[in-house]
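Below: one structure, written as structure tokens.
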Amino acid sequence: MSDSPSAAPVVLDLWCDLECPDCHLALLDVRALRARYGDRLEVRLRHFPLEKHKHAYAAAQAAEEAAVQGQGWPYAEAVLARTDSVARGGEPVLLEVAAELGLDAEEFDTALIDGRHLLIVDADQAEGKAIGVTGTPTYVIGDERLDGGKSQDGLRERIEEIADRLLADRG
């Protein structure tokens with residue numbers, strides 16, 4: 001899922017579980033990176049729901065429905081801000097977030113029932129596994145994979161180094 005212009009020269013994939021507290025913390029870095037690079041960096045949310053999080057798979061599908069309705073990142077950020085509530089309340093919390101953002105909550109409910117976004121979530125997860133993603137958050141920029149699930153210390157600086165290098169190579 002991406003709300004950034006497709007012409008962005010550098011892509012940062014964020015492999016994320018929307019029920020993961022560490023992914024919520026990663027949003028601080030994502031916001032800082034967006035502020036620094038603007039449209040020169042495309043941040044793409046990639047789904048990697050972990051089995052230990054009971055509602056992460058539904059949250060990933062809901063985020064895809066939010067993207068269809070034009071609010072992918074705002075929805076993902078709002079869900080990540082409530083990881084505890086999602087863990088306790090499940091799908092009703094996902095629908096509540098949609099309604100709060102002015103999205104069509106009935107369409108969200110239908111999308112979760114009919115599974116229209118399953119293939120996107122499954123494809124993201126399969127791709128993540130294929131490139132060695134084992135936990136969240138995990139960042140991929142250029143040819144480098146950075147695992148934020150163990151520690152996020154220094155990751156933003158490392159992403160900036162790689163982005164600066166890639167932008168310089170293209171400019």
Side-chain angles (χ1 to χ4, degrees), residues 1-8 11-128 133 135-141 148-149 152 155-156 159:
M1 172 180 63
S2 171
D3 288 341
S4 299
S6 60
V11 173
L12 172 65
D13 283 333
L14 170 59
W15 298 89
C16 185
D17 171 321
L18 292 174
E19 197 177 328
C20 172
D22 289 334
C23 290
H24 175 237
L25 295 175
L27 284 179
L28 296 174
D29 287 337
V30 168
R31 288 180 185 127
L33 291 164
R34 281 190 179 135
R36 177 174 175 172
Y37 293 102
D39 64 1
R40 296 178 302 147
L41 180 72
E42 178 182 3
V43 181
R44 298 188 308 193
L45 178 67
R46 304 298 301 273
H47 301 292
F48 202 81
L50 302 170
E51 286 184 26
K52 69 182 179 179
H53 294 136
K54 183 175 164 185
H55 305 292
Y57 197 79
Q61 293 176 71
E64 285 301 318
E65 181 58 32
V68 168
Q69 294 187 31
Q71 294 288 323
W73 271 106
Y75 182 83
E77 289 188 23
V79 169
L80 283 168
R82 303 175 190 190
T83 54
D84 289 342
S85 296
V86 172
R88 286 190 311 274
E91 289 183 20
V93 175
L94 301 174
L95 299 176
E96 179 182 301
V97 171
E100 287 172 8
L101 291 174
L103 300 171
D104 185 341
E106 285 184 33
E107 196 62 27
F108 268 74
D109 193 33
T110 303
L112 291 173
I113 292 167
D114 71 18
R116 67 183 73 159
H117 303 296
L118 288 173
L119 291 177
I120 294 169
V121 176
D122 288 347
D124 273 3
Q125 194 163 41
E127 183 180 339
V133 174
T136 59
T138 295
Y139 305 88
V140 176
I141 183 169
Q152 294 181 67
L155 281 185
R156 184 172 74 209
I159 291 166

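Residue numbers run from 1 in the order of the sequence given.
Nearest heavy-atom pair across L14 and P137 is CD1-CB, 3.7 Å. Closest approach of A58 and L112 over heavy atoms only: O-CD2, 3.4 Å. Nearest approach of H117 to A111, heavy atoms of both residues: CD2-CB, 4.0 Å. Nearest heavy-atom pair, L155 versus G148, reported as atom, atom and distance to 0.1 Å: CD1-CA, 3.3 Å. For D13 against V11, the heavy-atom pair with the smallest separation is OD1-CG1, 3.7 Å.
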- Task: Report the C-alpha distance between C20 and L80 in whole Å, list the side-chain angles of each, state the deciding distance to 0.1 Å, and finish with yes or no for side chain to side chain contact (heavy atoms under 4.5 Å, CB included).
- Result: CA-CA 7 Å; C20 172; L80 283 168; 5.5 Å; no
- Message: Set out, in order, the CA-CA distance, both residues' side-chain angles and the distance that settles side chain to side chain contact (heavy atoms under 4.5 Å, CB included) for V140 and W15, then state yes or no.
- Response: CA-CA 8 Å; V140 176; W15 298 89; 3.5 Å; yes
- Show the numbers, then the answer: is there a side chain to side chain contact (heavy atoms under 4.5 Å, CB included) between L118 and Q61? CA-CA 6 Å; L118 288 173; Q61 293 176 71; 3.4 Å; yes
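In this structure, the side chains of W73 and L27 come closer than 4.5 Å at one or more pairs of heavy atoms. Side-chain contact between L18 and V86 is absent, with no heavy atoms from C-beta onward closer than 4.5 Å. Counting heavy atoms from C-beta outward, V43 and L41 have side chains that approach closer than 4.5 Å.
Using a 4.0 Å cut-off between charged side-chain N and carboxylate O, E100 and R82 make a salt bridge.
Rounded to the nearest 0.5 Å, atoms SG (C23) and NE2 (H53) are 8.5 Å apart. Of the inter-residue distances, the one linking L119 atom CG with D124 atom CG reads 11.5 Å to the nearest 0.5 angstrom. Between the CD1 atom in I120 and the CD atom in E64 there is a gap of 4.5 Å [rounded to 0.5 Å]. To the nearest 0.5 Å, atoms OG (S85) and CD (E19) are separated by 10.5 Å.
For residues 83-95, no residue pair satisfies the salt bridge (Lys or Arg N to Asp or Glu O under 4.0 Å) rule, not counting sequence neighbours. For residues 70-79, every residue pair satisfying the salt bridge (Lys or Arg N to Asp or Glu O under 4.0 Å) rule, not counting sequence neighbours, is listed here: R31-E77, R34-E77.
In terms of the side chain to side chain contact (heavy atoms under 4.5 Å, CB included) criterion, residue partners of D29 (sequence neighbours excluded) are, by chain and number, Y139, Q152, R156. Remark: A60 engages H47, V121 in a side chain to side chain contact (heavy atoms under 4.5 Å, CB included) (not counting sequence neighbours). E127 is linked by a side-chain hydrogen bond (donor to acceptor under 3.5 Å, both in side chains) to R46, counting only residues two or more places apart in sequence or in another chain. Under the side-chain hydrogen bond (donor to acceptor under 3.5 Å, both in side chains) criterion, Q69 pairs with E65, sequence neighbours left out.
By the neighbour-count criterion of 12 heavy atoms within 6.0 Å, atom CD of E107 is densely surrounded, having more than that number from other residues, nucleotides or ligands.
In this structure, the side chain of Y75 does not engage the main chain of L101 through any donor-acceptor pair within 3.5 Å. D17 contributes a side-chain N or O that, together with a main-chain N or O of L50, makes up a donor-acceptor pair within less than 3.5 Å.
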